[in-house]
Amino acid sequence: MTVITRFPPSPTGFVHIGSLRTALYNYLFTKQQKGKLIIRIEDTDQTRQVDGAVENLLKTLKWAGIEYDEGPVLKEKHIVTNDHIFTNDKGQITKPLSTDVKNNKQSDMYGHLEEKGSHGPYIQSKRLDLYKKYAQELIEKGHAYYCFCTKERLEEMRKKQESLKLAPQYDRFCLKLDKKEIENNLKKGISCVIRQKIPNGNIEFNDIIRGHVTFATQTLDDQILIKSDGFPTYHLANVVDDHLMEVTHVIRGEEWLPSTPKHIHLYQALGWNLPIFAHLPLLLNPDKSKLSKRQGDVAVEEFIEKGYLRDALINFIALLGWHPTENEEIYTLNDLIEKFSLKRVQKAGAVFNKEKLDWMNSVYIKKLSIEELAQLIVPYLQKESWYRENPNILKYIQLIRERLKILSEAPGMLKFFFLDHLKYDVTLFENAKMKVDKNMAKNSLQFANDTLKNHEFWEKDEDLKVPLLSIVEKLQIKNGQLLWPLRVALTNEAFSPGVFELLAAYGKEKSLQRISEALMTLKS
RNA sequence: GGUCCCAUCGUCUAGCGGUUUAGGACAUCGCCCUCUCACGGCGAAAACACGGGUUCGAGUCCCGUUGGGACUCCCA
């Protein structure tokens, strides 16, 4: 049996990091099983359509390295002209993308898409006839019925039930309607929906992750299958499509667990085989609630913009809810494909631990060559007004590589290299712990200036050590009493790379300029 | 409220009845390196929610309690 899985996002804007993990788990499982992954667009809620969302989704999947076998693809032309995600051949982002997505009710929302695969269309709004057909079949078989209740009546009913502390459920008012009344209502064009008729009894199923699960159907509501606008709800569309697309494994978030019995009943009512279910644990906020935008970043686009590397983000989210047996944290995509196991997926939700992501990102940054890193950092620099091309850029980046956690921090760490003049914060020169006061700073800088002026070797930081440390010896001071003022003179920062490295990166001329300008500031 | 799911360090997790004085990673703290910060090295502190069973033996199996979460929309 060929494994067929699917990832069916709703195009409502940005890509949620939890969705990306669901997509990743589907991908890992499918790749390992040598199966097929289907992408399906679940756009059955007309009110939540967001233009550009599908495009954004497909680009994000591409960025993440998640390949699929069937589903919508961007037309070639479109990729070239409108691509706002640029990736190099390693799949790393080379230019931050914009997250602008605007509401748009254009009819040709999907004009820039084509499809691959033999089970299409892969966009649910283009499959409306199919859902109607099966809804009709359900009605004929007595598993569904028309409902003409108004929103007002339903609301009233719900209020009453709530005040009686009952579970809010449809009271099957319209189930009592006879054929004639229904036909009349339909003829008159009264707004209606089609509801699923849930039978009495228990529905049980096996979940790969959770094991045996049982639901009493009495507690299940008669779910709406077709909305009054003619669109299906998730429940119907999902079951119909999964069946028609021959999906074998439904791997989705835990939030779907409570509605799974409804889905199972639909499969049974239509006489279809059940897929195998696997309900993934939720990604959580620090307060353990479902991961949401309110409590931090959840959009994959935001992580990309902030400068998280593809491999780091993938590695990190793969380990949120799953881990192989060994004591290892760093895995490539291929490692993950090889080692992944649905059976080892955790049952409990996982808090999204941003500190660990930062650490992991720094690990991946350190693995990059300077050239690769520069290619990633330059786009961030280009957004700064002070940026201009500089032949020494690789030298500069070399100095910050070890301290960089996310790429967007780079401009702040490199700024002083690009400014013509620094506006010194004089208090920075003084440092009690270093035993440096203003006079000491002035004195040290003066000696440094005089010494370095006559020094010719600037190639390596080692070249500067001997002359500078000879000053320390001569003045009988501590290293820090010379080097602290020097660093402030060179950077106007309290934290920075080492002084010798800075001098070497600046070169003689620029170094001496910084030092004399600092001296002038201190003297004034 | 109802239904379902879940429960090992602060966080992500290893553990699938005895190999456990419960292992790793992030974060925290200390020491070393050192001109600061970071990196790196070494080390410390830190968990089986609780109560009953089953068993010669339970973090591991069962039941209950407590706690948390999801769902309960003409959202997905």
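This is a predicted model, so every value here is computed, not measured. Worth knowing before you read on, the calculation uses all heavy atoms, side chains too, and leaves out hydrogens, waters and symmetry mates. Residue numbering restarts at 1 for every chain, and letters A, B, ... go by the order of the sequence lines.
Where Val499(A) and Gln124(A) each meet RNA chain B at their nearest nucleotide, the meeting point lying more 5' is that of Val499(A).
Glu402(A) pairs by the side chain to side chain donor-acceptor pair (under 3.5 Å) definition with nothing, not counting sequence neighbours. Every side-chain contact (heavy atoms from CB on, under 4.5 Å) that Ala216(A) has, sequence neighbours left out, goes to Asn202(A), Gln218(A). Taking the side chain to side chain donor-acceptor pair (under 3.5 Å) definition, one finds that Ser292(A) meets it with Asn285(A), sequence neighbours left out. By the side-chain contact (heavy atoms from CB on, under 4.5 Å) test, Lys132(A) pairs with no residue at all, sequence neighbours left out. Residues that satisfy the side-chain contact (heavy atoms from CB on, under 4.5 Å) test with Lys415(A), not counting sequence neighbours, are Trp386(A), Leu419(A). Applying the side-chain contact (heavy atoms from CB on, under 4.5 Å) rule to Cys149(A) yields the partners Cys147(A), Arg153(A), Leu154(A), Tyr170(A), Phe173(A), Cys174(A); only residues at least two apart in sequence or on another chain are considered. Shown here are the side chain to side chain donor-acceptor pair (under 3.5 Å) partners of Glu204(A), two or more places apart in sequence or in another chain: His212(A).
A heavy atom closer than 4.0 Å to some atom of RNA chain B occurs in no member of residues 466-478 of chain A. Contacts of residues 234-242 of chain A with RNA chain B (heavy atom under 4.0 Å): Tyr234(A).
Distances shorter than 4.0 Å separate some side-chain N or O of Arg344(A) from OP1 or OP2 on A14(B).
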Using a cut-off of 4.0 Å between protein heavy atoms and nucleotide atoms, how would you tag nucleotides 61-70 of chain B 5' to 3' with B, S and -? -------SSS
Summarise protein proximity over nucleotides 22-33 of chain B in one line of letters, 5' to 3': B for base, S for sugar-phosphate only, - for none, counting protein heavy atoms closer than 4.0 Å. -BBBB-------
Could you go through nucleotides 72-74 of chain B and list every protein N or O atom that sits under 3.5 Å from one of its N or O atoms, giving the distance for each pair?
residue	atom	partner	partner atom	Å
C74(B)	O2	Ser228(A)	N	2.8
C74(B)	O2	Ser228(A)	OG	2.8
C74(B)	N3	Ser228(A)	OG	3.1

